[in-house]
There are 2 protein chains.
Amino acid sequence: MGQSNPNLLPVDEARARLREYAISPTEQRVEIARVIFARHQHLSAEQILSLLAQRASRVSKATVYNTLNLFAEKGLVREVVIDPAKLFYDSNLNPHHHIFHTDTGELEDVDPARVDISNLPALPAGKELLGVDVIIRVGGERRSR
Amino acid sequence: MGQSNPNLLPVDEARARLREYAISPTEQRVEIARVIFARHQHLSAEQILSLLAQRASRVSKATVYNTLNLFAEKGLVREVVIDPAKLFYDSNLNPHHHIFHTDTGELEDVDPARVDISNLPALPAGKELLGVDVIIRVGGERRSR
DNA sequence: TTGCGTGCAAACGCTTTGCATATTA
DNA sequence: TAATATGCAAAGCGTTTGCACGCAA
């Protein structure tokens, strides 16, 4: 025992991360955090649920959704909307953009240095810039020629 | 009679547009096209359905969805994914980006000249660039201060 | 006429909700 | 112990599907 699992953040690190964001570290939240924050990755609620199910962790569907919403609100993860039927939760908080592979359904990170957003229209007074998403869609085989 | 309704494209123009894209101009498709292409706008399936319902046009839900999917496939409209629970169909085919107002749920166009996407990672062989979406999220009142 | 399009309602899949139980601080 | 979180199952909501009928060419 004691060897670290690359797919699972150590418990104490997960707990520390929750504390940082003023979230009380319940058992289930810690389990979910261990999965999400094991590395930079993009997971859907469904994927997280099944990763948890593969282990002893029995966390209910409702709790997974509640927790993901909470994490997104508090800023631990970033919601990425790509597929109308599925949200991705991005554990990489560094500003970056995404390449979405339509054939595999996977997301790939893109260094924001490669993208310049300049000179946006002025925002209406009292409104806040919540974020800029750049999503590059990449598809399977080239159709026709 | 004869005066043009700014919310409705004339029938003959709608039919012409469908012909351009090799889509047979059925009654329902023409009605849907008249609504969508009356001007540049972003409509959800639900909105289109209710705009049609306000008029005599009785077009079923399934037909609206079928038709929107068809239009998107054929390139008459562009699908924009913003809200996981809702697709928008954009009748503006000119390349452009979007500001999404989270409070009103509305989309606003952004001139692509304001955004530079440079120097993207090389695409894997055999893959095609399907499109680049830039979505700028703008929220209600500034929270805290 | 003959295939394609349409309408209806039921099915689907992801997400949320209601409420009783259990856990946290 | 007072507040918050969890689990379960049912409800919600946008979208898709199956199938019989109807229209376009």
Side-chain angles (χ1 to χ4, degrees), chain A residues 11 14-16 18-19 21-36 42-53 55-74 76-77 79-89 105 107, chain B residues 11-12 14-19 21-36 42-53 55-74 76-77 79-89 105 107:
Chain A
V11 172
R15 297 180 67 89
L18 296 186
R19 288 238 167 67
Y21 287 85
I23 292 174
S24 56
T26 66
E27 226 178 88
Q28 292 85 344
R29 289 172 179 173
V30 170
E31 282 308 300
I32 293 169
R34 295 184 68 193
V35 169
I36 295 178
H42 311 93
L43 296 172
S44 66
E46 191 192 1
Q47 290 174 314
I48 292 166
L49 201 48
S50 76
L51 286 171
L52 290 167
R55 310 175 50 241
S57 327
R58 278 161 293 85
V59 180
S60 77
K61 191 187 287 195
T63 297
V64 169
Y65 280 102
N66 285 338
T67 301
L68 290 172
N69 286 336
L70 179 70
F71 284 8
E73 255 171 48
K74 296 281 192 168
L76 282 78
V77 297
E79 279 185 350
V80 184
V81 183
I82 307 282
D83 184 312
K86 197 177 294 184
L87 277 177
F88 289 88
Y89 293 89
L107 276 184
Chain B
V11 172
D12 54 327
R15 298 179 67 90
R17 169 112 41 156
L18 296 185
R19 287 237 167 69
Y21 287 86
I23 293 174
S24 56
T26 67
E27 226 179 89
Q28 292 84 346
R29 288 172 180 172
V30 170
E31 282 308 299
I32 293 169
R34 294 185 69 193
V35 170
I36 295 179
H42 311 93
L43 296 173
S44 66
E46 190 193 3
Q47 290 173 315
I48 293 166
L49 202 46
S50 76
L51 285 171
L52 290 167
R55 309 175 52 240
S57 327
R58 279 162 292 85
V59 180
S60 75
K61 190 187 285 193
T63 297
V64 170
Y65 280 103
N66 285 339
T67 301
L68 290 172
N69 286 336
L70 179 70
F71 284 7
E73 255 171 47
K74 296 281 191 167
L76 282 79
V77 295
E79 278 184 353
V80 184
V81 184
I82 307 279
D83 184 310
K86 196 176 293 185
L87 277 177
F88 290 89
Y89 294 89
L107 276 183

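The figures here come from the full heavy-atom set of this structure, side chains too, leaving out hydrogens, waters and symmetry mates. Just so we're on the same page: letters track the sequence lines, and every chain starts at 1.
- When rounded to the nearest whole Å, the span between CG of B:Leu68 and P of D:dG14 equals 14 Å.
- The CZ atom of B:Arg19 sits 12 Å away from the P atom of D:dA24 (whole-angstrom rounding).
- To the nearest angstrom, P of D:dT15 lies 6 Å from OH of B:Tyr89.
- Taking the side chain of B:Ala62 as heavy atoms from C-beta on, and the options C:dC14, D:dG7, C:dG7, the nearest nucleotide is C:dG7.
- Atom CG in B:Leu49 sits about 11 Å away from atom P in C:dC8, given to the nearest Å.
- No side-chain heavy atom of B:Ile36 sits less than 4.5 Å from a side-chain heavy atom of B:Leu76.
- Atom CD in A:Glu73 sits roughly 15 Å away from atom C1' in C:dT15 (whole-Å rounding).
- One atom, CG of A:Leu52, and another, P of D:dG7, lie 10 Å apart when rounded to the nearest Å.
- A:Thr63 is not listed as a side-chain neighbour of A:Thr26, based on a closest heavy-atom distance of 4.5 Å or more.
- Whole-Å rounding puts the A:Asn69 CG to D:dT4 P distance at 18 Å.
- Side-chain nitrogen and oxygen atoms of A:Asn66 include none within less than 4.0 Å of the OP1 or OP2 phosphate oxygen of C:dT16.
- Place A:Val59 and B:Arg15 on DNA chain D by their nearest nucleotides, and A:Val59 ends up nearer the 5' end.
- Formation of a donor-acceptor pair under 3.5 Å by the B:Arg29 side chain with backbone atoms of B:Ser24 is found in this model.
- Contact between the side-chain N/O atoms of B:Gln28 and the OP1/OP2 oxygens of D:dC23 is not found at any separation under 4.0 Å.
- For the OP1/OP2 pair of D:dT16 and a distance below 4.0 Å, the side-chain nitrogens and oxygens of B:Tyr65 include no atom meeting the criterion.
- Residue B:Arg29 places at least one side-chain N or O under 4.0 Å from the OP1 or OP2 atom of C:dG5.
- For D:dG7, the OP1/OP2 oxygens have a side-chain nitrogen or oxygen of A:Thr63 closer than 4.0 Å.
- Remark: B:Arg58 CZ is loosely packed, at most 12 non-hydrogen atoms of other residues, nucleotides or ligands lying under 6.0 Å away.
- Within the 4.5 Å cutoff, side-chain heavy atoms of B:Glu79 are placed close to those of B:Asn69.
- Atom pair A:Lys61:NZ and D:dA5:C1' shows a separation of 19 Å (rounding to whole Å applied).
- Remark: A:Thr26 is in phosphate contact with D:dT6, judged by side-chain N or O atoms under 4.0 Å from OP1 or OP2.
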